[in-house]
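Quick notes on the structure that follows.
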Amino acid sequence: MKKTTAVLLFFLLFSMTFPEAISFKASRMTGNAGENKQLTELSGNAWVKTTDMEIYADKITLSGNDYEKVVAEGNVRGEDTKSGFSFSCGRLTFNRNSGIARLQDDVALDDKPNEVKATAGIIEYDRTTETAVLQINIKLEQKNSVCTSALAVYRKNEQTLEMNGNPVVVRGKDTFRAQTIFFDLETQEIVLDGRVSGTVTEGEN
């Protein structure tokens with residue numbers, strides 16, 4: 001089968017629905033297809049919606065078998081309705097088959113059901129295990145606690161946070177530091193391991 005190319009300059013806010021429940025629209029679309037390659041590039045107010053993921057960006061590229069790979073660039077924002085996350089970043093890659101999403105460049109993540117907000121340089125989220133790995137200039141806020149570190153693992157289902165790389169937890173007027181900090185976001189229990197230090201104010205919970 002010969003590769004075909006379509007440049008759809010005349011479609012403004014073009015929308016189309018594929019099998020596998022993928023919908024998209026944009027100001028401009030280019031695409032090609034062949035026996036071993038499928039590629040669609042959307043630019044200008046690009047939007048893609050799968051069964052439980054909605055993404056907006058300046059540019060979105062769909063590729064792979066059944067358009068399994070999604071790459072969004074520029075003013076990326078969206079929502080994962082399965083996990084209850086909303087997000088924004090500079091670039092996002094998402095594989096629909098593996099369920100792994102990688103967000104980078106000024107990432108902000110909002111887990112509304114659990115009242116958890118996080119920012120980082122990079123966040124990689126596995127939708128299968130509901131686990132997020134956060135890297136670079138991490139800040140996570142929940143209730144009256146603010147957590148910062150260089151590396152963290154957030155397990156959504158268990159509501160736990162494991163932090164390494166100069167981790168600090170500030171809760172009210174109390175401050176906790178260690179080599180590794182384990183924080184149960186549901187019970188608010190904190191476990192400090194290695195080079196433990198901190199300050200606790202009398203009368204504060």
Side-chain angles (χ1 to χ4, degrees), residues 52-58 70 72-95 98-205:
D52 45 27
M53 179 79 84
E54 189 167 12
I55 302 168
Y56 297 85
D58 294 338
V70 181
E73 299 173 279
N75 299 306
V76 182
R77 59 187 175 87
E79 183 177 6
D80 183 334
T81 56
K82 176 185 176 182
S83 301
F85 283 136
S86 60
F87 56 84
S88 64
C89 60
R91 176 183 169 87
L92 174 144
T93 59
F94 172 51
N95 188 300
S98 68
I100 294 177
R102 180 181 174 87
L103 300 83
Q104 59 192 82
D105 301 334
D106 297 322
V107 183
L109 194 66
D110 188 356
D111 180 2
K112 295 179 181 178
N114 295 299
E115 300 180 4
V116 173
K117 293 183 178 182
T119 58
I122 299 172
I123 297 179
E124 187 169 289
Y125 185 68
D126 188 333
R127 303 175 83 224
T128 303
T129 61
E130 299 274 27
T131 300
V133 178
L134 300 83
Q135 304 175 58
I136 308 171
N137 297 326
I138 297 163
K139 181 179 180 181
L140 184 144
E141 300 176 81
Q142 194 248 12
K143 297 180 180 178
N144 66 334
S145 297
V146 178
C147 310
T148 57
S149 65
L151 177 66
V153 178
Y154 172 50
R155 295 179 174 86
K156 177 181 170 66
N157 290 339
E158 290 82 6
Q159 276 298 283
T160 61
L161 181 68
E162 179 181 344
M163 295 173 285
N164 292 278
N166 299 316
V168 178
V169 176
V170 177
R171 184 164 61 192
K173 295 181 180 179
D174 299 340
T175 302
F176 306 92
R177 293 182 174 86
Q179 284 184 312
T180 302
I181 298 179
F182 300 90
F183 187 16
D184 189 314
L185 299 172
E186 185 173 3
T187 66
Q188 296 294 295
E189 179 182 2
I190 297 174
V191 177
L192 309 177
D193 187 13
R195 299 179 183 175
V196 176
S197 67
T199 59
V200 178
T201 303
E202 282 189 47
E204 292 287 329
N205 294 324

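- Interatomic distance, D80 CG to S86 OG, rounded to the nearest 0.5 Å: 10.0 Å.
- With 3.5 Å as the limit, one finds a donor-acceptor pair spanning the side chains of Q142 and Q188.
- In this structure, CG on L134 lies 7.0 Å from CG on L140, to the nearest 0.5 angstrom.
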| task | Would you check, one step at a time, whether the test side chain to side chain contact (heavy atoms under 4.5 Å, CB included) holds for D193 with Q179? | result | CA-CA 6 Å; D193 187 13; Q179 284 184 312; over 6 Å; no
Passes side chain to side chain contact (heavy atoms under 4.5 Å, CB included), V133 versus I123? Steps please. CA-CA 6 Å; V133 178; I123 297 179; over 6 Å; no
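- Checking side-chain atoms of D174 against main-chain N and O of T201 turns up a donor-acceptor pair under 3.5 Å.
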Using side chain to side chain contact (heavy atoms under 4.5 Å, CB included), reason through R127 and F94 one step at a time and then give a plain yes or no.
CA-CA 10 Å; R127 303 175 83 224; F94 172 51; 3.7 Å; yes
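- Counting only N and O atoms by type, the side chains of D184 and T160 include no donor and acceptor under 3.5 Å apart.
- Between V146 and V169 the shortest side-chain heavy-atom distance does not fall below 4.5 Å.
- Screening residues 103-123 for salt bridge (charged side-chain N to carboxylate O under 4.0 Å, His left out), with sequence neighbours left out, gives D111-K156.
- Of all heavy-atom pairs between V70 and I55, the closest is CG1-CD1, 4.0 Å.
- Between I138 and A152, the closest heavy-atom pair is CD1-N, 3.4 Å.
- The line from OG of S149 to CZ of R177 is 13.0 Å long, rounded to the nearest 0.5 Å.
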Evaluate the side chain to side chain donor-acceptor pair (under 3.5 Å) criterion for residues N164 and T180: first the C-alpha distance (whole Å), next the side-chain angles of each, then the deciding distance (0.1 Å), finally the verdict. CA-CA 5 Å; N164 292 278; T180 302; 2.6 Å; yes
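- Within the structure, salt bridge (charged side-chain N to carboxylate O under 4.0 Å, His left out) pairs that include any residue of residues 146-155 comprise R155-E162 (at least two apart or interchain).
- With contacts defined as side-chain heavy-atom distances shorter than 4.5 Å, the pair E79/Y56 does not qualify.
- T119 contributes atom OG1, which lies 8.5 Å from atom CG of N137 (distance to the nearest 0.5 angstrom).
- Taking each heavy atom of L192 and I190 in turn, the nearest pair found is CD2-CG2, 3.5 Å.
- Not one N or O on the side chain of S145 forms a donor-acceptor pair closer than 3.5 Å with the backbone of K143.
- Using a distance-only test at 3.5 Å, with no hydrogens or angles considered, a donor-acceptor pair links the side chain of T81 to the main chain of D52.
- Of all heavy-atom pairs between G121 and V107, the closest is O-CG2, 3.6 Å.
- For Y125, the ring pair (Phe, Tyr, Trp, His ring centres under 6.0 Å) criterion is met by F85, not counting sequence neighbours.
- Residues L161 and M163 share a closest heavy-atom pair of CD2-SD, 3.6 Å.
- Distance CG/D58 to CG/N75: 4.5 Å, rounded to 0.5 Å.
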Side chain to side chain contact (heavy atoms under 4.5 Å, CB included) evaluation trace for T131 with Y154: CA-CA 6 Å; T131 300; Y154 172 50; over 6 Å; no
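- Taking CG from L151 and CG from N166, the interatomic distance works out to 11.5 Å, rounded to the nearest 0.5 Å.
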